[in-house]
A.B. asks: 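My structure is below; once you've seen it, I'll send some questions.
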Amino acid sequence: MNDENEASQLTEDEKKLFEDLMPEDLDEILDTGVNRRHFLKLMTLAGGGVLAAQSAVAEQLFTKPIGLAPTDFSVASIENGVNVSFKVNGTTRKLMVDSRMTLLDTLRERLGLTGSKKGCDHGQCGACTVLVDGRRVLSCLSLAASCEGKTVQTIEGLAQGNNLHPMQAAFLKHDGFQCGFCTPGQICSAVALMDEAKNGHASYVTEAIRKQPGPVQLSNEEIRERMSGNLCRCGAYPNIVAAIREVHSGKPIEQTFRFSA
């Protein structure tokens, strides 16, 4: 909904709806149109039952398409441009980016791969985790230009057609997510963690490291330590650990959902 004429396409009833419910956003909506943030805010109000009196008008807005295409960048608008070529989810992508542009912004804004999330944008939450040459990295702290000639895999590239990656299937089975915002980073981190353990990479809690050059067996403590860089604001940590243990061991892990009395 970011077309230049979108604001003028709003009906008087729709304008009145925003004026009543989101007055602080009205000027922006009239100037640039309804964007994803406005749409999600309206959805939240709908979920809270606030739109009961204006349900018909809200339904009109909900059925309008939201523009999902990545921003159309022109070469002339890019400062400090550098050409970069890297493989993303099996496809070679060549583009010019600002030399200061992060891998995360490149994936989301230039390539339309919005599965990787921008959480803290400071490398502290792990929501933006992707795999670069098989190793997990924080894409919000990695420059796109530094990925020249490398292979990048995002959450969109883990499944094979309609067949989920085993880690994705395990997260579903064990309910390893709630709001889902951190889940792409959690799953990418978990996939890389499996290879790290297989290759004998030690963590802070690995015991007898001098006597254990082979694969590391992932205990709950090992998994928690190795996943500590990925934060879940919903607190689904026990379920995440169970999902990773199941994939690591290759054996079914009993589902242990905890309910409040």
Side-chain angles (χ1 to χ4, degrees), residues 1-3 32-33 35-37 39-40 66-161 164-165 167-168 171 177 179-196 199 201 226-233:
M1 277 193 178
N2 288 324
D3 294 337
T32 63
N35 59 34
R36 293 176 184 81
R37 179 171 56 82
F39 185 82
L40 292 173
I66 295 288
L68 295 176
T71 306
D72 183 18
F73 285 83
S74 65
V75 174
S77 67
I78 298 176
E79 298 182 3
N80 307 304
V82 295
N83 290 308
V84 61
S85 174
F86 52 88
K87 187 173 291 187
V88 183
N89 297 332
T91 302
T92 299
R93 307 301 297 263
K94 298 179 180 180
L95 64 163
M96 176 177 283
V97 298
D98 188 305
S99 61
R100 301 159 295 182
M101 194 173 196
T102 65
L103 176 59
L104 176 61
D105 286 341
T106 301
L107 292 171
R108 291 180 58 83
E109 298 178 14
R110 299 295 305 278
L111 301 180
L113 297 172
T114 56
S116 304
K117 297 298 185 282
K118 179 177 285 193
C120 65
D121 206 24
H122 286 78
Q124 297 177 347
C125 71
C128 68
T129 303
V130 299
L131 307 181
V132 177
D133 286 346
R135 301 181 65 179
R136 48 180 165 170
V137 303
L138 298 168
S139 59
C140 76
L141 297 183
S142 304
L143 294 177
S146 71
C147 295
E148 172 67 33
K150 297 182 178 180
T151 298
V152 178
Q153 190 172 33
T154 70
I155 189 67
E156 291 93 340
L158 291 181
Q160 299 296 322
L164 293 177
H165 186 282
M167 192 64 71
Q168 291 174 306
F171 265 66
F177 54 89
C179 79
F181 188 85
C182 73
T183 306
Q186 296 274 4
I187 292 178
C188 285
S189 190
V191 169
L193 176 156
M194 302 290 290
D195 286 335
E196 293 167 6
N199 294 330
H201 296 176
R226 292 169 185 265
M227 291 292 292
S228 60
N230 291 82
L231 305 183
C232 173
R233 59 189 177 188

A.B. asks: Does a salt bridge link Arg135 with Asp133, judged by any charged N lying under 4.0 Å from a carboxylate O?
C.D. replies: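 No, this pair does not count.
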A.B. asks: Can you tell me how far CE of Met101 sits from CG of Leu95, rounded to the nearest 0.5 angstrom?
C.D. replies: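 Taking CG in Leu95 and CE in Met101, the distance rounds to 8.5 Å.
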A.B. asks: Out of curiosity, Leu131 CG to Lys150 NZ, how far, rounded to the nearest 0.5 Å?
C.D. replies: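 Reported to 0.5 Å precision, the distance equals 13.5 Å.
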A.B. asks: Give the C-alpha distance, both sets of side-chain angles, the deciding distance and a yes or no for side chain to side chain contact (heavy atoms under 4.5 Å, CB included) between Ser85 and Thr92.
C.D. replies: CA-CA 7 Å; Ser85 174; Thr92 299; 3.7 Å; yes
A.B. asks: Could you pull out every donor-acceptor pair under 3.5 Å between side chains of residues 111-121 and any protein atom, sequence neighbours left out?
C.D. replies:
unit_1, atom_1, unit_2, atom_2, d
Lys117, NZ, Thr114, O, 2.9
Lys117, NZ, Gly115, O, 2.9
Lys118, NZ, Asp105, OD1, 2.7

A.B. asks: Quick one: do Gln153 and Leu158 satisfy side chain to side chain contact (heavy atoms under 4.5 Å, CB included)? Show the steps, please.
C.D. replies: CA-CA 7 Å; Gln153 190 172 33; Leu158 291 181; 3.7 Å; yes
A.B. asks: For the residue pair Gly123 and Cys140, what are the closest heavy atoms and their distance?
C.D. replies: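 Heavy-atom minimum between the residues: N-SG, 3.3 Å.
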A.B. asks: Could you tell me the separation between the SG atom of Cys128 and the NE2 atom of His122, rounded to the nearest 0.5 Å?
C.D. replies: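 Cys128 SG to His122 NE2: 12.0 Å, rounded to 0.5 Å.
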A.B. asks: So do the side chains of Cys188 and Arg136 get within less than 4.5 Å of each other, counting heavy atoms only?
C.D. replies: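 Side chain of Cys188 against side chain of Arg136, heavy atoms only: no contact under 4.5 Å found.
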A.B. asks: With a 4.5 Å heavy-atom cut-off, do Thr151 and Phe86 have their side chains touching?
C.D. replies: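 When only atoms from C-beta onward are counted, Phe86 and Thr151 do not touch, as no gap falls below 4.5 Å.
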A.B. asks: With the side chain counted from C-beta on, respond yes when Arg226 and Glu196 share a heavy-atom pair under 4.5 Å apart, and no when they do not.
C.D. replies: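 Yes, their side chains come closer than 4.5 Å.
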A.B. asks: State, yes or no, whether a side-chain contact exists between Met227 and Gln186 at a heavy-atom distance under 4.5 Å.
C.D. replies: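 A side-chain contact under 4.5 Å exists here.
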A.B. asks: Answer yes or no: is there a donor N or O on one side and an acceptor on the other, between the side chain of Asn230 and the main chain of Gly126, under 3.5 Å?
C.D. replies: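 Yes; judged by distance alone, with no hydrogens or angles, the pair exists.
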A.B. asks: Quick check: closest heavy atoms across Ala144 and Thr106, and the distance to 0.1 Å?
C.D. replies: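 So the minimum-distance heavy-atom pair works out to CB-OG1, 3.2 Å.
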A.B. asks: Could Arg233 and Phe181 be counted as a cation-pi pair, given that NZ or CZ must be under 6.0 Å from the ring centre and within 45° of the axis?
C.D. replies: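 Yes, Arg233 sits over the ring of Phe181.
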A.B. asks: Could you tell me which non-hydrogen atom of Ser139 sits nearest to which non-hydrogen atom of Val130, and how far apart they are?
C.D. replies: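 Minimum heavy-atom contact is CB-CG2, 3.9 Å.
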A.B. asks: One pair to check against side chain to side chain contact (heavy atoms under 4.5 Å, CB included): Ile187 and Ile155. What are the steps and the verdict?
C.D. replies: CA-CA 7 Å; Ile187 292 178; Ile155 189 67; 3.8 Å; yes
A.B. asks: Considering all heavy atoms of both residues, which atom of Phe171 and which atom of Phe177 are nearest to each other, and what is their separation?
C.D. replies: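 Where Phe171 meets Phe177 most closely, the heavy atoms are O-CE2, 3.8 Å.
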A.B. asks: Less than 4.5 Å apart, any side-chain heavy atom of Arg100 and any of Asn80?
C.D. replies: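 Yes, close enough: below the 4.5 Å cut-off.
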A.B. asks: I would like to know whether Val84 and Met96 meet side chain to side chain contact (heavy atoms under 4.5 Å, CB included); could you show each step before the answer?
C.D. replies: CA-CA 6 Å; Val84 61; Met96 176 177 283; over 6 Å; no
A.B. asks: Are Leu107 and Thr154 close enough that some pair of their side-chain heavy atoms sits under 4.5 Å apart?
C.D. replies: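 A side-chain contact exists here, since the closest heavy-atom pair is under 4.5 Å.
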A.B. asks: Compare every heavy atom of Leu231 with every heavy atom of Ser228, then report the nearest pair and how far apart it is.
C.D. replies: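 Shortest heavy-atom contact: O-CD2, 3.9 Å.
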A.B. asks: Report yes if some heavy atom in the side chain of Ser99 is under 4.5 Å from a heavy atom in the side chain of Leu143; otherwise report no.
C.D. replies: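 Not in contact.
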A.B. asks: Measuring only between side-chain heavy atoms, which start at C-beta, is His165 closer than 4.5 Å to Val191?
C.D. replies: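 Yes, side chains in contact.
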